[in-house]
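Reckoned from all heavy atoms, side chains included, excluding hydrogens, waters and symmetry mates. Below, read A as the first sequence line, B as the second, and so on, with proteins coming before strands; counting in each chain starts at 1. Everything quoted here is computed from the prediction, not taken from an experiment.
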Amino acid sequence: AQSVTQLDSHVSVSEGTPVLLRCNYSSSYSPSLFWYVQHPNKGLQLLLKYTSAATLVKGINGFEAEFKKSETSFHLTKPSAHMSDAAEYFCVVSGSNDYKLSFGAGTTVTVRA
Amino acid sequence: GAGVSQSPSNKVTEKGKDVELRCDPISGHTALYWYRQRLGQGLEFLIYFQGNSAPDKSGLPSDRFSAERTGESVSTLTIQRTQQEDSAVYLCASSFRAGSSNQPQHFGDGTRLSIL
């Protein structure tokens, strides 16, 4: 079985400052990991994915994440937050059958002007 | 091209009524998934369809929940004798082929279900 823990339920940053969203995972095998973003009343959009290639993964909208096996972490970062980054972010790990995803509880990001 | 389409976008119904939610996947996507998202929580897997194979129903919370899919097209999720705890957003996703982590799931905007 696999699981995901998002360490912060809410993160507030000022526009133009860095964003860090923390995620730890538990898996009995080599996982695939994803970050998704959900804007209000919308579905989830894939930001980036890790699938055992490079440990530093670059995604859309300037986001990136680093897979650290020794720390079982997959933290999401962005160097400079924009107002449009205000949303809910989910860290996700794939199951043994790949199609069954396990979602974290989500981190709400607010961006202050 | 068109994304995953779900209808209705909102549904309010009385406790005890049956509801039917619809999902139109992206054309060519063989895999289709249903999830439930309760307020302030992550997504719970409900059911998965892959082509004409038997679906994985392991996430359905009770026998009041069922889902159908004809071939690789539209899917419907049915909840019978709705209860207040069924209130949630129901999200549908599709992908080209499951079992491959290189094929991300594409999500619809969901159906927001409220049980009075």
Side-chain angles (χ1 to χ4, degrees), chain A residues 1-10 21 23-25 27 29-54 57 59-60 65 67 74 87-109, chain B residues 2-10 23-26 29-51 53-60 88-113:
Chain A
Q2 69 286 332
S3 65
V4 171
T5 302
Q6 291 184 242
L7 301 173
D8 308 289
S9 59
H10 185 236
L21 305 183
C23 172
N24 286 114
Y25 70 92
S27 178
Y29 47 85
S30 296
S32 291
L33 292 154
F34 310 82
W35 277 98
Y36 280 85
V37 62
Q38 184 179 33
H39 289 91
N41 299 315
K42 293 293 185 182
L44 278 69
Q45 179 185 19
L46 180 69
L47 280 178
L48 50 81
K49 61 184 179 184
Y50 166 77
T51 56
S52 75
V57 182
I60 62 172
F67 173 74
F74 190 56
E88 186 86 9
Y89 292 78
F90 293 97
C91 183
V92 182
V93 63
S94 66
S96 58
N97 291 319
D98 268 355
Y99 62 82
K100 212 174 247 186
L101 303 179
S102 293
F103 288 76
T107 298
T108 301
V109 173
Chain B
V4 176
S5 177
Q6 291 188 245
S7 62
S9 54
N10 287 281
C23 174
D24 260 296
I26 293 172
H29 280 191
T30 58
L32 185 146
Y33 320 76
W34 282 98
Y35 295 90
R36 179 171 67 181
Q37 184 179 27
R38 288 190 161 130
L39 187 65
Q41 298 183 22
L43 276 67
E44 302 170 65
F45 168 82
L46 294 178
I47 188 169
Y48 153 74
F49 295 91
Q50 170 62 51
S53 301
D56 178 349
K57 303 180 180 181
S58 61
L60 294 179
V89 176
Y90 290 83
L91 288 160
C92 175
S94 70
S95 69
F96 274 113
R97 181 173 64 85
S100 168
S101 54
N102 290 320
Q103 302 296 341
Q105 297 181 22
H106 298 262
F107 286 81
D109 288 344
T111 294
R112 188 173 303 273
L113 178 64

- Query: In terms of heavy-atom proximity below 4.5 Å to chain B, should Leu46(A) be classed as side chain, backbone, both, or neither?
  - Reply: side chain

- Message: Restricting to non-hydrogen atoms, name the atom on Leu91(B) and the atom on Gly43(A) that form the minimum distance, rounded to 0.1 Å.
- Response: CD2-CA, 4.2 Å

- Bottom line for Gln38(A): the part with an atom under 4.5 Å from chain B's heavy atoms is side chain

- Could you tell me whether the side chain of Gln105(B) reaches within less than 4.5 Å of the side chain of Tyr36(A), counting heavy atoms only? yes

- Query: Hey, would you say the Phe103(A) and Phe45(B) ring centroids sit under 6.0 Å apart?
  - Reply: no

- Message: Below 4.5 Å, heavy-atom pairs only: which of Gln6(B), His106(B), Gln41(B) has the largest tally toward chain A?
- Response: Gln41(B)

- Closest non-hydrogen contact found for Gln37(B) with Phe90(A) is NE2-CZ, 3.3 Å

- Evaluate the criterion side-chain contact (heavy atoms from CB on, under 4.5 Å) for residue pair Leu101(A) and Tyr33(B); output intermediate values, then yes/no. CA-CA 10 Å; Leu101(A) 303 179; Tyr33(B) 320 76; over 6 Å; no

- Crowded around Leu39(B) CG? As in, over 12 foreign heavy atoms under 6.0 Å? no

- Query: Mind checking what makes side-chain contact (heavy atoms from CB on, under 4.5 Å) contact with Arg112(B), not counting sequence neighbours?
  - Reply: Asn41(A), Asn10(B), Val89(B)

